[in-house]
Amino acid sequence: MRWSKLFIPTLREDPADAEVASHRLMVRGGYIRQLGAGIYNYLFLAQRSINKIVAIVRQEMDAIGAQEMLLPALNPAEVWRESGRWDVMGANMFRLKDRWDRELCLGMTHEEVMTSIARGELRSYKQLPQIWYQIQTKFRDEPRPKSGLMRVRQFIMKDSYTFDMDAAGLDAAYDLHYKAYCRIFDRCGLEYAAVEAHSGSMGGSQSHEFMVRSDAGEDFVAVAPKSGYQANLEKAESNPVPPASADPAGDLEPEEFHTPGRKTIAEVAAFTGLPETSQIKSLVMVGAKPVLCLLRGDHQLSETKLAGLLGVNEVRAAHPEEIRDWFAAGAGSLGPVGVKNMRVIADNALRGRINMICGANKDDYHLRNVTPGEDFQAEFHDLRQAASGDTHAETGEPLEVFKAVEIGHIFKLGYKYSESMGLRVLNEDGKEITPIMGSYGIGIERILSVAVELYHDKDGIVLPAAIAPFDVVITPVNNADAAQRDAAAKLHDECLALGLDALLDDRDERPGVKFKDADLIGLPYRITVGKKLVDGKVELVTRRGKTSVDAPVAEAAAMVHRMVRGS
RNA sequence: CGGGGCGUGGCUCAGCCUGGUAGAGCGCCUGGUUCGGGACCAGGAGGCCGGAGGUUCGAAUCCUCUCGCCCCGACCA
């Protein structure tokens with residue numbers, strides 16, 4: 001295609017409201033424009049990239065026998081009420097009413113709709129298993145859209161759903177997806193990790209997230225490379241660093257002491273001269289009922305683990321008035337000793353510790369010499385959020401924690417939707433059974449965004465060839481030179497004939513402008529037609545690394561072709 | 001939902017504190033010269049200063065309200 005005829009609105013300067021690299025560069029490079037908070041126009045270049053990503057996804061999904069459908073984004077409230085998620089989704093769901101005042105929503109995902117199709121049509125075990133998928137726009141009213149296309153309110157998702165007769169069938173479907181996802185992300189040129197994830201409100205058993213390491217991400221991943229351990233931080237299990245100082249020896253009795261104005265762990269540590277690891281952190285959390293959570297002073301509570309333990313979707317911190325009500329003391333002076341009115345759950349890191357410090361449930365007082373299991377009783381569980389510096393639970397290998405972007409997620413759903421929505425089929429014996437389901441998502445724009453995050457330099461984007469909007473740009477240095485112009489046009493035609501997506505920069509611009517723009521939009525290869533043309537040579541520039549080789553005009557197209565196919 | 005910041009030609013921003021006829025650079029249009037890393041000269045177009053109300057002889061500037069956007073946190077299949 002000829003650049004002079006295209007709409008590629010590149011910007012000389014960074015847009016004022018873009019922070020992360022992918023956002024900044026995709027706006028500057030003329031890929032996207034913002035329409036509203038978390039709502040973007042995908043212009044020509046972005047759409048071409050997205051089309052390539054979608055094509056890869058579609059090929060790999062089709063290859064595992066998945067069948068593509070297209071479901072409505074506009075959903076009646078009823079199906080969401082049946083699964084119970086009309087209420088669960090809360091403010092994150094876009095809701096609207098039609099002219100008759102009937103309630104509708106914009107789909108955030110499509111378990112309900114897919115299940116509604118299945119229950120109407122699937123009757124017999126002979127029809128199972130099924131893998132259904134779609135590539136469709138999802139809507140989520142995010143509380144805080146951010147970082148360009150990373151977190152938006154409208155986005156394209158590939159979502160698939162599997163229906164199987166039994167757990168073994170689901171395992172197979174899950175495995176097919178796992179492998180397909182690896183092929184998809186490999187082909188897109190990404191570096192990623194498949195990590196163990198919690199299944200959240202989806203109500204599933206097993207789940208993996210596909211994560212790309214990036215500071216632009218919002219999730220944290222813990223890995224122990226040698227041990228092969230990779231997990232979302234929310235779920236990661238590990239051994240903490242040992243306490244900073246040994247517990248006082250002896251079978252000591254709890255003893256109250258005055259701590260005027262000392263409320264936080266840090267303040268009490270400074271006051272007592274003992275490290276944070278010598279304290280018991282007491283947090284009042286509310287799930288269905290209030291619970292007192294105990295952690296080592298320097299540890300953080302994993303709300304995900306607590307919610308899982310309590311069997312609820314989410315937990316919240318108790319309000320100050322509630323704490324006052326239940327403990328007759330403020331949040332800075334709480335402790336487990338003498339607590340009878342609620343469940344007390346202690347993190348495993350407190351097991352075996354003795355003579356620690358905690359709040360006295362009396363404002364401005366703490367207790368020393370408190371020994372878990374002796375001075376108070378508690379259930380011990382893993383409540384703690386893993387942290388950098390922890391070691392792998394079995395091998396002792398240090399854990400590394402880093403930020404990551406989630407680009408895919410696969411779930412074993414179980415029976416949640418098939419059960420609640422009444423999907424039943426007859427088995428070989430003529431008995432009704434409930435099929436078991438899985439659900440599997442890929443964020444299409446996130447693949448593009450994260451590729452830009454992963455691959456860019458000071459001059460712009462450096463996309464992998466598989467998802468770049470064009471394979472190659474042909475740049476005549478001086479378009480007024482008829483020989484250069486004609487040679488460039490011929491090279492363009494040759495590239496097209498070889499099946500390459502080629503872009504001819506036939507704009508009447510100075511060379512600097514053309515080079516800068518080519519670097520910015522990030523196509524993998526450039527053929528520069530310039531002064532060496534008189535010797536029958538052109539330059540073949542690889543965007544990644546900015547390396548350049550001279551090539552005979554007659555061979556340049558074929559060389560690019562080989563490099564694109566080989567990459 | 002808490003905290004912070006910003007809305008002025010297409011873009012990046014100055015002007016606001018201390019009210020007095022709206023600016024710069026880039027981009028855009030015309031003509032000319034140029035042509036290997038965001039050229040130069042000459043001429044030109046383009047802005048109810050996010051919106052509403054108020055104060056004032058007079059408001060981009062001061063006050064009130066409102067809308068929008070960005071960032072941090074909370075939140076988040």
Side-chain angles (χ1 to χ4, degrees), chain A residues 9-20 23-24 27-28 30 33-40 83 85 88-93 107-112 138 140-148 150-153 155 157 159 161 197-204 207-210 216-219 232 234-235 303-304 307 313-317 406-413 416-417 438-443 446 458-460 475-481 484-485 505 507-520 526 528-533 538-539 541 546 548:
Chain A
T10 57
L11 264 25
R12 279 183 185 235
E13 291 175 277
D14 283 337
D17 53 9
E19 204 83 357
V20 299
H23 186 198
R24 190 167 48 79
V27 172
R28 261 196 76 190
R33 285 294 185 265
Q34 183 170 23
L35 184 60
I39 308 172
Y40 284 85
S83 71
R85 290 208 296 180
V88 171
M89 288 310 187
N92 268 14
M93 185 149 71
M108 310 174 68
T109 172
H110 281 79
E111 281 80 6
E112 282 83 355
K138 304 289 191 239
R140 295 182 188 179
D141 195 358
E142 292 290 345
R144 183 148 110 79
K146 58 182 282 204
S147 307
M150 286 294 185
R151 186 164 209 81
V152 287
R153 298 197 289 174
F155 60 96
M157 181 188 246
D159 48 322
Y161 305 86
H198 76 102
S199 20
S201 64
M202 300 298 300
S207 158
H208 280 88
E209 288 168 333
F210 290 79
E218 304 178 293
D219 286 286
N232 191 306
E234 291 177 323
K235 168 163 177 135
E303 295 193 12
T304 305
N313 274 327
E314 55 183 3
V315 294
R316 63 168 174 88
E406 179 189 351
I407 52 173
H409 202 161
I410 57 179
F411 276 98
K412 290 185 180 173
L413 283 179
K416 175 169 170 156
Y417 298 92
S439 111
Y440 319 83
I442 289 179
R446 277 193 179 176
K458 64 173 173 48
D459 295 316
T475 308
V477 170
N478 185 351
N479 217 39
D481 180 323
Q484 288 185 20
R485 190 176 60 231
D505 194 351
R507 293 177 299 167
D508 187 18
E509 289 285 354
R510 293 173 60 84
V513 172
K514 291 188 275 197
F515 293 151
K516 290 286 185 193
D517 272 345
D519 287 349
L520 180 60
R526 183 178 86 209
T528 306
V529 183
K531 57 196 173 200
K532 293 171 190 162
L533 186 64
V538 293
E539 276 166 47
V541 183
K546 290 272 189 70
S548 163

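To find a chain, count down the sequence lines: A is the first, B the second, and so on, and within it residues start at 1.
Comparing B/A77, B/C70, B/C35 by their nearest atom to the side chain of A/Asn478 picks out B/C35. Distances from the side chain of A/Phe515 to the nucleotides B/A77, B/G36, B/A39 place B/G36 closest. In the set B/C70, B/C26, B/A74, the nucleotide with an atom closest to the side chain of A/Arg12 is B/C26.
As rounded to whole Å, 21 Å separates atom P of B/C75 from atom CE of A/Met93. Summarising the geometry, the separation between NZ on A/Lys458 and C1' on B/G38 is reported as 13 Å, rounded to the nearest angstrom. In this entry the distance linking CZ of A/Arg507 with P of B/A39 reads 12 Å, nearest Å. Summarising the geometry, the separation between CG on A/Leu533 and P on B/C35 is reported as 17 Å, rounded to the nearest angstrom. Distance CG (A/Leu11) to P (B/C28): 12 Å, rounded to an integer number of Å. Across the protein-nucleic acid pair, A/Lys146 atom NZ and B/G73 atom C1' stand 10 Å apart, rounded to whole Å. Taking atom CD of A/Glu142 as the reference point, atom C1' of B/C69 lies 17 Å away to the nearest angstrom. Separating the CZ atom of A/Phe411 from the C1' atom of B/A77 is a distance of 4 Å, rounded to the nearest angstrom.
The base of B/G38 is not paired with the side chain of A/Glu509 by any donor and acceptor separated by under 3.5 Å. The base of B/G37 has none of its N or O atoms less than 3.5 Å from a complementary donor or acceptor on the side chain of A/Asp459. Judged by atom type and distance alone, A/Glu13 does not reach the base of B/G27 through any side-chain donor-acceptor pair under 3.5 Å. Side-chain atoms of A/Arg144 stay outside donor-acceptor range of the base of B/G2, with no qualifying N/O pair under 3.5 Å. Checked by distance alone, A/Arg526 brings no side-chain donor or acceptor within 3.5 Å of a matching partner on the base of B/G36. Residue A/Arg510 places a side-chain atom within donor-acceptor reach of the base of B/U34, judged by atom type and a 3.5 Å distance cut-off alone.
With both ends at atom P, the span from B/A52 to B/U61 equals 12 Å, rounded to whole Å. With C1' as the reference atom, B/G43 and B/G5 are 41 Å apart, rounded to whole Å. Only the P atoms considered, B/C13 is 14 Å distant from B/C71, to the nearest whole Å. Taking atom C1' on both B/G46 and B/A22, the two are 13 Å apart, rounded to the nearest angstrom. Between B/C40 and B/G25, the two P atoms lie 12 Å apart (nearest whole Å). Distance noted for atom C1' between B/C28 and B/C11: 11 Å (whole Å). Here, B/U18 and B/G23 have their P atoms 24 Å apart, quoted to the whole Å. Atom name C1', nucleotides B/C72 and B/U34: the rounded distance is 49 Å, in whole Å.
Remark: B/G2 base-pairs with B/C72. Criterion, Watson-Crick or G-U wobble with two distances under 3.5 Å. Of all nucleotides present, none satisfies the Watson-Crick or G-U wobble test against B/G47 with each distance under 3.5 Å. Using Watson-Crick or G-U wobble geometry with both donor-acceptor distances under 3.5 Å, B/A39 finds its partner in B/U33. Searching all strands for a Watson-Crick or G-U wobble partner of B/U18 with both distances below 3.5 Å returns nothing. Of all nucleotides present, none satisfies the Watson-Crick or G-U wobble test against B/U55 with each distance under 3.5 Å. Under the Watson-Crick and G-U wobble criteria, each requiring two contacts below 3.5 Å, nucleotide B/G27 is left unpaired.
Checking A/Glu209 against A/Asn232 by side-chain atom types alone, a donor-acceptor pair falls below 3.5 Å. Side chain to side chain, A/Asp517 and A/Thr10 meet the donor-acceptor criterion of an N or O pair below 3.5 Å. With 3.5 Å as the limit, one finds a donor-acceptor pair spanning the side chains of A/Tyr417 and A/Arg85.
Residue-to-nucleotide proximity on RNA chain B shows that, of A/Thr528 and A/Tyr40, the 5′-proximal contact is made by A/Thr528. When the nearest nucleotides of RNA chain B are assigned to A/Asp159 and A/Glu539 by heavy-atom distance, the more 5′-ward of the two goes with A/Glu539.
In this structure a side-chain-to-backbone donor-acceptor pair under 3.5 Å is present from A/Gln34 to A/Gly36.
In this structure, the side chains of A/Glu111 and A/Leu413 come closer than 4.5 Å at one or more pairs of heavy atoms.
Across all strands shown, A/Lys514 has no heavy atoms under 4.0 Å from either base or sugar-phosphate atoms. The residue A/Ser548 sits apart from the nucleic acid: no heavy atom pair falls under 4.0 Å. Residue A/Pro9 is out of contact with every strand shown, counting any heavy-atom pair closer than 4.0 Å. Residue contacts shown for A/Arg316 are absent, as no nucleic acid heavy atom lies under 4.0 Å away. No engagement by A/Gly441 is indicated, since no non-hydrogen atom pair under 4.0 Å with the nucleic acid exists. At a threshold of 4.0 angstrom between heavy atoms, the contacts of A/Gln484 with the nucleic acid are absent. A/Asp17 comes within 4.0 angstrom of sugar-phosphate atoms only, judged by non-hydrogen atoms across all strands, and of no base.
Here CE of A/Met108 is found 10.0 Å from CE of A/Met157. Values are rounded to the nearest 0.5 Å. Taking CZ from A/Arg144 and CD from A/Glu142, the interatomic distance works out to 11.0 Å, rounded to the nearest 0.5 Å.
Note on A/Lys146 versus A/Glu218: salt bridge recorded, some NZ/NE/NH1/NH2 to OD/OE distance being below 4.0 Å.
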